[in-house]
Amino acid sequence: MKFLIVITGPTAVGKTAAALETAMHFQTEIVSADSRQIYRELSIGTAVPSAAELEAVKHHFIHTHSIFDTYNASRYESEAVKLLDNLFKKQDIVVLTGGSMLYIDAICKGIDDIPDIDPELRKNLKERLETDGLESLRLQLKKLDPEYYSEVDLKNPARIVHALEVCIMTGKTYSSFRKAEPKKRYFSILKTALNCDRAELHSRINARVDEMVNNGLEQEARSVFHLRHLNSLNTVGYREFFSYFEGKNSREEAIELIKRNTRRYARKQLTWFRNDPQVTWFEPGDTNRLIKFIESKMAEK
RNA sequence: GGUGCCAUAGCUCAGUUGGUAGAGCAACGGACUGAAAAUCCGUGUGUCCCUGGUUCGAUUCCAGGUGGCACCA
C-alpha cells in the first residue's frame, strides 16, 4: 500500500516545518505543491524552504522551472504524477505540501484533459476583452457553448476567455471537456491541513512579510521588474513592489499592501480547504499528533 | 484649577429638526478545472462613553460624571 500524505493550509501557517518533520520521521521525500516556489528566479517573496531545510530532506518542484515557462495546474499534474510513480517505487510514503489549492486538487482528483491553448489566441481574446468589452465575449460564448454559458460566472472575464479559447481552438464546446471525473490514483491519499487562530495567523503573516523585506524582497522584485507582464510575476509580494517602482504608491504602502493581500490570500485558501470534506485539521505546532494520525490511518489499511 | 470643543463599526469620520444609524478603509463569507499567490461574487459586523432627567419614545435635548484635545491660568 502506498500513501500520499498531503499537508496543506493557509500561507505562513507553518507547513514547511511540519512537512519537514513528517518527512524525516517517515524517512521520505517532499513534493512541493506551490505554484510560485517552482520558479527558480524567485526565492525571497515565495518563502522557499531554507538551504538547510532543502539539505535535510529531498524536495521536488522547488526552483525547477522558469518564470518564462508557461506553467499551469495541468502540467503540474502530469509532471507530479509521473514523479510520484518513481518515488513510490522506492517509498511507501511521500509527503506533498504546499498551499496551491488547484495544484493539490490536480494531484488528488485530477484535471480534465483539455488541449493546450495557442498563446496567440489568448492574446487576441484578451485584446478583444479590452476593446469590445466582456459583453461581446459573453455573446459569443452563448452561441458557441450555451451549456457552459448557463453555469459560468458571467462577471468573471478569466472564465469567459478560457471557455472561448477552448471552443474556438477545438471547434467543440468547452463543456464537452468538463467531465470533472475524479481520476483513479493507485495510492491512498491522506489529506491534512494546518490552521491556527486567525489573529495568530495574521501576526505570522505580518512578521513574515517584514522578514522578506529585511531579506531583500525589494531587490528581488526589482531584478524582475522588467518582466512584470509575465503571469508568473502576477504574485503577491512582487506586484505591490512593481507599483511602487512605477510610482503608484510609496514603499511603506507597498509593504502594507503585501500584508493585506497575503491575509486575503490566506482567507481564500481557508475557504477552499474548509469546504473540502477530505481534510483533517491540525495545529501547526503539533506535528506529533499529525504523525500519530497518519500512522493510525496506515494501520487501518 | 477655569473655559471651550470632542466622544457613533476594528480605524478615520458622516448622520439622526427626538422614532435605536451609514460611508471609505480594514475585516468576514462564498465561487472556482490549462492565469489558481490568478480571476470573480457577496456581507455592516454597533451598549451611538457612563449615570440620571425631560418625553409615549433619547444615540440625538438637559444636568452631572469619565476620558481626550485645545486655549487661559
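Worth saying up front: this structure is predicted, and the values here are computed from it rather than measured. In what follows, chains are A, B, ... by sequence order, proteins preceding strands, each numbered from 1. Scope of the values below: all heavy atoms of this structure, side chains included, with no hydrogens, waters or symmetry mates.
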* Any N/O donor-acceptor pair, K268(A) side-chain to rA38(B) base, under 3.5 Å -> yes

Reckon [X] has a side-chain N or O less than 4.0 Å from the OP1 or OP2 of [N]?
{"X": "R159(A)", "N": "rC41(B)", "answer": "no"}
{"X": "R122(A)", "N": "rG34(B)", "answer": "no"}
{"X": "Y103(A)", "N": "rG34(B)", "answer": "no"}
{"X": "R263(A)", "N": "rA26(B)", "answer": "no"}
{"X": "Y71(A)", "N": "rA35(B)", "answer": "no"}
{"X": "S100(A)", "N": "rA36(B)", "answer": "no"}
{"X": "N156(A)", "N": "rA38(B)", "answer": "no"}
{"X": "R267(A)", "N": "rC28(B)", "answer": "yes"}
{"X": "N72(A)", "N": "rA38(B)", "answer": "no"}

Mind checking [X] for me? I need base, sugar-phosphate or nothing, with any heavy atom below 4.0 Å counting as a touch.
{"X": "N275(A)", "result": "sugar-phosphate"}
{"X": "T46(A)", "result": "base"}
{"X": "D112(A)", "result": "base"}

What integer number of Å spans the [atom1] atoms of [N] and [M]?
{"N": "rG15(B)", "M": "rC56(B)", "atom1": "C1'", "value": "24 Å"}
{"N": "rC41(B)", "M": "rC25(B)", "atom1": "P", "value": "14 Å"}
{"N": "rC11(B)", "M": "rG65(B)", "atom1": "P", "value": "27 Å"}

Among [options], which nucleotide has an atom closest to any side-chain atom of [X]?
{"X": "T271(A)", "options": "rU39(B), rA38(B), rA31(B)", "result": "rA31(B)"}
{"X": "R264(A)", "options": "rC28(B), rA27(B), rC32(B)", "result": "rA27(B)"}
{"X": "A158(A)", "options": "rG34(B), rU39(B), rA36(B)", "result": "rU39(B)"}
{"X": "R274(A)", "options": "rA38(B), rG34(B), rG29(B)", "result": "rG29(B)"}
{"X": "D153(A)", "options": "rC40(B), rG30(B), rA35(B)", "result": "rC40(B)"}

* Close side-chain approach of F242(A) to V224(A), heavy-atom, < 4.5 Å -> yes

* Asked: Given side chains that start at C-beta, do those of D34(A) and Y76(A) come closer than 4.5 Å, heavy atoms only?
  -> no

In whole angstroms, how far is the [atom2] atom of [N] from the [atom1] atom of [X]?
{"X": "H162(A)", "N": "rU39(B)", "atom1": "NE2", "atom2": "C1'", "result": "13 Å"}
{"X": "L154(A)", "N": "rA31(B)", "atom1": "CG", "atom2": "P", "result": "18 Å"}
{"X": "K155(A)", "N": "rG42(B)", "atom1": "NZ", "atom2": "C1'", "result": "9 Å"}
{"X": "E77(A)", "N": "rG34(B)", "atom1": "CD", "atom2": "P", "result": "12 Å"}
{"X": "E256(A)", "N": "rU12(B)", "atom1": "CD", "atom2": "P", "result": "16 Å"}
{"X": "L102(A)", "N": "rU39(B)", "atom1": "CG", "atom2": "P", "result": "15 Å"}
{"X": "Q37(A)", "N": "rA38(B)", "atom1": "CD", "atom2": "P", "result": "15 Å"}
{"X": "E240(A)", "N": "rA38(B)", "atom1": "CD", "atom2": "C1'", "result": "13 Å"}

* **F293(A) with F273(A), same ILVMFWY side-chain cluster at under 4.5 Å** => yes

* Co-membership, hydrophobic cluster, residues V48(A) and F61(A), 4.5 Å side-chain -> no

If you count the non-hydrogen atoms of other residues, nucleotides and ligands that lie under 6.0 Å from [atom1] in [X], is the total more than 12?
{"X": "K297(A)", "atom1": "NZ", "result": "no"}
{"X": "E246(A)", "atom1": "CD", "result": "yes"}
{"X": "E55(A)", "atom1": "CD", "result": "no"}

* Asked: Could E53(A) and K15(A) be called an ion pair, given the rule that one side-chain N must be under 4.0 Å from one carboxylate O?
  -> no

* Under a 4.0 Å N-O cut-off, is there an ion pair linking E200(A) with R204(A)? -> yes

* **Residue met sooner reading RNA chain B from 5', once R260(A) and L270(A) are mapped to nucleotides** => R260(A)

* To do: Going by the side chain to side chain donor-acceptor pair (under 3.5 Å) test, name the single residue among R263(A), Q269(A), K268(A), R208(A) that passes it with T11(A).
  => R208(A)

* To do: Determine, stepwise, if the pair D113(A) / K179(A) fulfils salt bridge (charged side-chain N to carboxylate O under 4.0 Å, His left out).
  => CA-CA 9 Å; D113(A) 226 17; K179(A) 304 274 193 303; over 6 Å; no

* Structure fact -> Under a 4.0 Å heavy-atom cutoff, the residues of residues 184-222 of chain A touching RNA chain B are R198(A), H202(A)

* Asked: In dot-bracket form, how is RNA chain B paired, counting a Watson-Crick or G-U wobble pair only if both its distances are under 3.5 Å and using | for bases paired to another strand?
  -> (((((((..((((.....[..)))).(((((.......))))).....(((((..]....)))))))))))).

* Asked: For rG44(B), does the glycosidic angle fall within 90° of 0 (syn) or outside that (anti)?
  -> anti

* To the nearest 0.5 Å, tell me how far R122(A) CZ sits from L164(A) CG. => 12.0 Å

